[in-house]
**Student:** 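If you scroll down you'll find the structure; I have some questions about it.
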Amino acid sequence: MSSLKPVRGTHDILPEESLRRRLVEKTADEVAARYGYGEISTPLFEFTDVFARTLGGSSDIVTKEMYTFEDRSGDSITLRPENTAGVARALISNGLAQQLPLKFFYRGPMFRYERPQKGRLRQFHQVGVELLGVAQPLADVEVIAMAAQFLQALGVGGKTTLELNTLGDGESRGAYRETLVEYLLGRKGELSKESLERLERNPLRILDSKDPGDRAVIKDAPDMADSLNDLSKRFFDELLEGLETAKVAYVLNPRLVRGLDYYCHSAFEFTTQELGAQGTVLAGGRYDGLIKQMGGPPTPGTGWAAGVERLAMLIAEPVERRRPIAVIPVAPGQAAPALALAQQLRQAGFTVDLGYSGNMGKRMKRANKVNACAAVMLGEDELSRDAARVRDMDSGEQREEPLASLEDHLARYN
RNA sequence: GUGGCUGUAGCUCAGUUGGUUAGAGCGCCUGGUUGUGGUCCAGGAGGCCGGGGGUUCAAAUCCCCUCAGCCACCCCA
């Protein structure tokens, strides 16, 4: 075994795996395009401030999960742990706030310094969308409906459930936070030590704790719904109505919260039972305060991000590679005609495998190994008659075919 | 960052109470078949037993450290 290993939490994506991942990205791209979203690519790294100021000092992403380093000019640089902050920064940098509303799709690697496990890597990949400049709940309806359609198109719609909650606006959230903390303080003795810490730092997080003791306390906790002001209530009602009109099925989960500070109103997750502890496959919400917080004009936003690796794991069947046609020179004398024919067929759009060496038997074996659908054999005899021998690799039947009509004959395999 | 489990051939795994040349299946290569793949038969290559240190006459096996993977927690896609 070689001592050359990839860095912890990273791995090489070999061709077979690439096919599955490409399917995920392509499907997301196509569905997003139908909603009018154009692809945006922001840099893989930003000034650390971009993330530190927006993600919220209390979030774990900032405190322990960022890949941060100093570059040669002494600037603090961070590999992006998610893409919303980068898109928001791009909006400001490019003065795009003049052209709202804007709809972006993105995909690419993200980096978080975490302990790896199944469906969790230090370099992982996301596809996501951001809808900027629309304050109405219709925007949330749109991105959620798009997410549902995306998962459906991928074939994993049946394996996922949309969970939905509202965090309310700043006022409602603050009010709820107070009621919740008050309640939790009353039962302080029953909380886990992690939750005791969260009590000050991020009390809402206690709501989705997995600790059994916490759960018992949470069960009787006050509901966010009771702390919502009229505006927040109306927003949420319109969201639910919109989802029903758009025929998107959802389940309300009052314990669904967000780790990042800039979220408000809608919070949603598509979850699955098939991935162990990493059940969330796509998650998002509204982040109206973010862009102003970064120094831009007040701009509402909503969107989601999905884990490419997690979705790729959910796809049942391996994606099949296109079957090639093998072109085989019978003897070295036919090497040149074989190369010429292979190129002609490739130019015509066929997928062609041309072996590099070996006698005919070896080349046939290779044709079999690459799962060729047909073999086109060029021998002295056939060539003297301007023909080739075509073998169907599944049935084993073969026939002589004039070169002039070869492409037409092979069309059935493409 | 915390806890548990696991590292033996490219892959999946055996390997007895420490004992001499470390095995199997699959895969790979060669030949049986110099103009025909899959099946079959015969042969072959491929291992610092994750790495380092220690105990011992002797370590894949026991001890310590370290690295990595998996699972869970924290957190999150």
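A note on names: the letters A, B, ... follow the listed sequences, proteins ahead of strands, and every chain is numbered from 1.
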**Student:** Quick one: does any side-chain atom of A:Tyr183 pair with a main-chain N or O of A:Val217 as donor and acceptor, under 3.5 Å?
**Tutor:** yes

**Student:** Taking only residues two or more places apart in sequence or in another chain, which ones pass salt bridge (Lys or Arg N to Asp or Glu O under 4.0 Å) with A:Asp392?
**Tutor:** none

**Student:** With A:Asp223, which residues qualify under salt bridge (Lys or Arg N to Asp or Glu O under 4.0 Å), at least two apart?
**Tutor:** A:Arg255

**Student:** Once salt bridge (Lys or Arg N to Asp or Glu O under 4.0 Å) is applied, do any residues pair with A:Arg385, and if so which ones, sequence neighbours excluded?
**Tutor:**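 A:Arg385 satisfies salt bridge (Lys or Arg N to Asp or Glu O under 4.0 Å) with A:Glu400 once adjacent residues are dropped.
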
**Student:** I'd like to know if A:Arg8 reaches the base of B:rG69 with its side chain, counting only an N/O donor and acceptor under 3.5 Å.
**Tutor:** no

**Student:** Test of understanding: with ring-ring contact (aromatic ring centres under 6.0 Å, His included), list the residues that count as partners of A:Tyr106, not counting sequence neighbours.
**Tutor:** none

**Student:** A:Thr166 side chain to A:Gly168 main-chain N or O, any donor-acceptor pair under 3.5 Å?
**Tutor:** yes

**Student:** In whole Å, what is the span from the CG atom of A:Leu311 to the P atom of B:rA77?
**Tutor:**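 It works out to 13 Å between those atoms.
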
**Student:** Among residues 394-410 of chain A, which ones have heavy-atom contacts with RNA chain B below 4.0 Å?
**Tutor:**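 Residues of residues 394-410 of chain A under 4.0 Å from RNA chain B: A:Asp394, A:Gly396, A:Gln398.
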
**Student:** Between B:rA45 and B:rC62, how far apart are the two P atoms, rounded to whole Å?
**Tutor:**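 Nearest-Å result for B:rA45 against B:rC62 at atom P: 31 Å.
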
**Student:** Applying side-chain contact (heavy atoms from CB on, under 4.5 Å), name anything that partners A:Asp288, two or more places apart in sequence or on another chain.
**Tutor:**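 side-chain contact (heavy atoms from CB on, under 4.5 Å) list for A:Asp288, sorted by chain: A:Cys264, A:His265, A:Arg286, A:Pro300.
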
**Student:** Please measure how far the C1' atom in B:rA77 lies from the corresponding atom in B:rU39, and state the result in whole Å.
**Tutor:** 46 Å

**Student:** Could you tell me which residues satisfy side-chain contact (heavy atoms from CB on, under 4.5 Å) with A:Ala306, sequence neighbours excluded, listed by chain and number?
**Tutor:** A:Val127, A:Phe150, A:Leu282, A:Trp304, A:Leu311

**Student:** For nucleotides B:rG23 and B:rU61, find the distance between their C1' atoms and express it as a whole number of Å.
**Tutor:**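 Approximately 15 Å lies between the C1' atom of B:rG23 and that of B:rU61.
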
**Student:** Describe the nucleic acid contact of A:Val281 in one word from base, sugar-phosphate, nothing, applying a heavy-atom distance below 4.0 Å.
**Tutor:** sugar-phosphate

**Student:** Let's see if you get this right: which residues in residues 363-374 of chain A place a heavy atom under 4.0 Å from RNA chain B?
**Tutor:**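 Residues of residues 363-374 of chain A that come under 4.0 Å of RNA chain B are, in numerical order, A:Met364, A:Lys365, A:Asn368, A:Lys369.
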
**Student:** Which of residues 301-309 of chain A have a heavy atom under 4.0 Å from RNA chain B?
**Tutor:**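 Hits under 4.0 Å, by residue number: A:Ala305, A:Gly307.
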
**Student:** Given pairs defined as Watson-Crick or G-U wobble with both distances under 3.5 Å, what dot-bracket annotation applies to RNA chain B, with ( ) intrastrand, [ ] crossing, | other strand and . unpaired?
**Tutor:** (((((((..((((.....[...)))).(((((.......))))).....(((((..]....))))))))))))....

**Student:** By the 4.0 Å heavy-atom rule, please label A:Gly9 as base, sugar-phosphate, or nothing.
**Tutor:** sugar-phosphate

**Student:** Check salt bridge (Lys or Arg N to Asp or Glu O under 4.0 Å) between A:Glu190 and all other residues, then give those that pass, not counting sequence neighbours.
**Tutor:** A:Arg187

**Student:** Evaluate side chain to side chain donor-acceptor pair (under 3.5 Å) for A:Gln136 paired with A:Glu238, printing each intermediate quantity in order.
**Tutor:** CA-CA 9 Å; A:Gln136 287 81 3; A:Glu238 281 179 42; over 6 Å; no

**Student:** Using the C1' atom as the point on both nucleotides, what is the distance between B:rC29 and B:rC75, in whole Å?
**Tutor:**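 So the two C1' atoms sit 49 Å from each other.
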
**Student:** Taking atom C1' in both B:rG18 and B:rC57, what distance in whole Å separates the two?
**Tutor:** 12 Å

**Student:** When all nucleic acid strands are considered with a 4.0 Å heavy-atom cut-off, which category describes A:Glu380: base, sugar-phosphate, or nothing?
**Tutor:** base

**Student:** Mark yes or no for whether A:Arg322, through its side chain, and A:Thr351, through its backbone, hold a donor-acceptor pair below 3.5 Å.
**Tutor:** no

**Student:** Quick check on B:rC71: is either OP1 or OP2 less than 4.0 Å from any side-chain nitrogen or oxygen of A:Lys118?
**Tutor:** yes

**Student:** Only counting residues at least two apart or in another chain, list the ones meeting ring-ring contact (aromatic ring centres under 6.0 Å, His included) with A:Tyr67.
**Tutor:** A:Tyr113

